[in-house]
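Right, one structure below, let's go through it.
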Amino acid sequence: MRVMELSVARTAAGTEITPIGRFDAHECENFKEICESVLETTADVRVHLAAVDFIDSAGLAELVRLMRRTREGGGDTVLVRPSTAVRVILELTRLDAAFEVEWADDTLLA
Amino acid sequence: MTLEDYRWWTHTPLDEVELSVVIPAYNEAERILPTIGALASHLSAGRRHWELIVADDGSTDDTVALVEDLGLANLRVLGTEANMGKGAAVRRGVLSARGDWILFCDADQSTPIEQYETLLCALVESGAGVAIGSRAHLDAESQRRTAGRRLFSAGLRALVRTLIDTEVGDTQCGFKLFTREAGRTLCWVQRMDGFSFDLELLHLASTYDFGVVEVPVRWIDAPGSTVDPVKVSAAMLADLARIRINDVLGRYGRERPTVPTGPALHRSWLVDRAESPASAGAAGRVLEMAPGRSDESVA
């Protein structure tokens, strides 16, 4: 049963994907489809994670997969303002070092 | 929860804790870190004094190494060389717990940790010794179960209630909260090491007059579960019979036993396990690994 909402918006900076809720294995297929659609037109993706209250290994694997695809296309995946829960999970799994992340307390560079 | 609260918890060893969380784990390398993250980020709010105990059940993957490597100040890993069963893992964790409240929850976060406060409120308000998360309301609402499955589940519930003296609708939900006294007493007497240990704990709670309050919780089915409902039901029936026999033979007693503490607890527990027919052939050397240490000591 899916419980995560997912929105997509195209901006000058790239495409913004905003998941809301619990990002677990149930959500991966839908997330993957959305990402494939996005990657047809851009290799720069920003994933806003402020409203994700939990992410499991399957969800993390999808983010890693997205990161690899965007880098193969000459772009990148930026994780934007992860919630505290997601930030903790990223740190424990040491994925915080693998991704480009805009933390909530960062000053955005122009 | 602020990040500072989390950092404080990860770096500040706590001498006293109000809450102990026990996660029984068997080959959970893939799931354990996100679950620890979810628990830590929620429970550290307000600088709550709590500890996390991962009671490993003889994992053959990297579960123990992954958790040990975190080096968190209030996280302990209880290892064992042999796979003894979920019930054995929970028992070791609960008997090692220091908190006034002891929560055991599954490694897959099927019940989100945010439900903890709901169970705690129910426990405090009711004065019970045990609060169990329950999915029974979900079964009642489901439209997709066939009439046959609903009948089967109802029959099983009726049998459970008859044989082990409980009114609980969902005995198997892996999200249960105990007062310290209830948790330690029940796990001390508990003889079952496998999946049906929940049934035994509930039976013992009734026997020793620890109230049980059932609390509807949100529950998310973890994909990849390999549980065969038919096999599990058959095993459950066998275990129900075993509990009944133990009861008739007086193995549980009628009065709450006094649970030893400190080294005496571990020595007498290890001796009891070695002599118990329930663990014959399954006893393993029990190891406790303290955070930041590489040596091992027998618990």
Side-chain angles (χ1 to χ4, degrees), chain A residues 1-6 19-33 47-67 79-99 101-107, chain B residues 1-11 27-46 52 54 61-63 65-72 75 105-115 135 138 141-144 218-225:
Chain A
M1 186 185 78
R2 285 178 28 206
V3 296
M4 186 174 81
E5 297 173 26
L6 204 55
I20 299 172
R22 179 179 168 116
F23 191 166
D24 64 14
H26 292 291
E27 311 300 337
C28 288
E29 202 53 45
N30 184 47
F31 183 82
K32 195 184 299 186
E33 284 176 15
V47 184
H48 291 255
L49 296 173
V52 173
D53 47 44
F54 173 69
I55 183 165
D56 71 0
S57 300
L60 292 171
E62 284 306 315
L63 291 179
V64 170
R65 184 178 169 280
L66 177 63
M67 176 187 71
L79 305 184
V80 181
R81 302 171 76 90
S83 65
T84 304
V86 172
R87 180 169 184 166
V88 167
I89 291 169
L90 288 172
E91 288 185 7
L92 290 178
T93 55
R94 294 179 184 160
L95 285 175
D96 56 330
F99 282 95
V101 186
E102 288 176 10
W103 302 110
D105 51 3
D106 277 356
T107 302
Chain B
M1 201 277 289
T2 67
L3 205 56
E4 288 68 35
D5 290 342
Y6 165 73
R7 299 249 186 270
W8 164 83
W9 181 78
T10 62
H11 288 83
N27 290 345
E28 294 285 0
E30 214 175 280
R31 301 198 283 202
I32 194 76
L33 293 185
T35 292
I36 290 174
L39 295 178
S41 63
H42 177 77
L43 294 174
S44 299
L52 177 58
V54 175
D61 66 2
D62 291 333
T63 299
L66 280 172
V67 178
E68 268 197 309
D69 283 351
L70 296 176
L72 304 183
L75 166 58
C105 61
D106 287 339
D108 58 10
Q109 261 255 109
S110 288
T111 304
I113 188 57
E114 288 80 6
Q115 309 276 283
R135 302 157 297 182
L138 299 173
E141 290 164 6
S142 170
Q143 298 298 311
R144 285 186 288 179
R218 188 171 159 234
W219 184 74
I220 296 127
D221 185 19
S225 171

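We name chains A, B, ... by the order of the sequence lines, and we start the count at 1 in each one. All heavy atoms count here, side chains included; hydrogens, waters and symmetry mates do not. Quick caveat: nothing in here was measured; it's all calculated off a predicted structure.
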Would you say A:Asp56 and B:Gln109 make side-chain contact, with heavy atoms under 4.5 Å? no
Partners of A:Phe31 by ring pair (Phe, Tyr, Trp, His ring centres under 6.0 Å), sequence neighbours excluded? A:Phe23
Please classify the contact between B:Ile36 and chain A as side chain, backbone, both or neither, with a heavy-atom cut-off of under 4.5 Å. both
For B:Ile220 and A:His26 the tightest heavy-atom approach is CG2-CD2, 4.0 Å
When heavy-atom pairs shorter than 4.5 Å are enumerated against chain A, which of B:Ile113, B:Leu70, B:Thr10 gives the highest number? B:Leu70
Drop me the distance from B:Glu4's CD to A:Thr84's OG1, to the nearest 0.5 angstrom. 9.0 Å
Minimum heavy-atom separation for B:Asp108 to A:Arg22, with atom names? O-NH2, 3.9 Å
For A:Phe54, enumerate each residue passing the ring pair (Phe, Tyr, Trp, His ring centres under 6.0 Å) test, keeping only those at least two apart in sequence or located in another chain. none
Which portion of A:Leu92 sits near chain B, non-hydrogen atoms under 4.5 angstrom: both
Using heavy-atom distances under 4.5 Å, tell me whether A:Leu60 contacts chain B through its side chain, its backbone, both, or neither. side chain
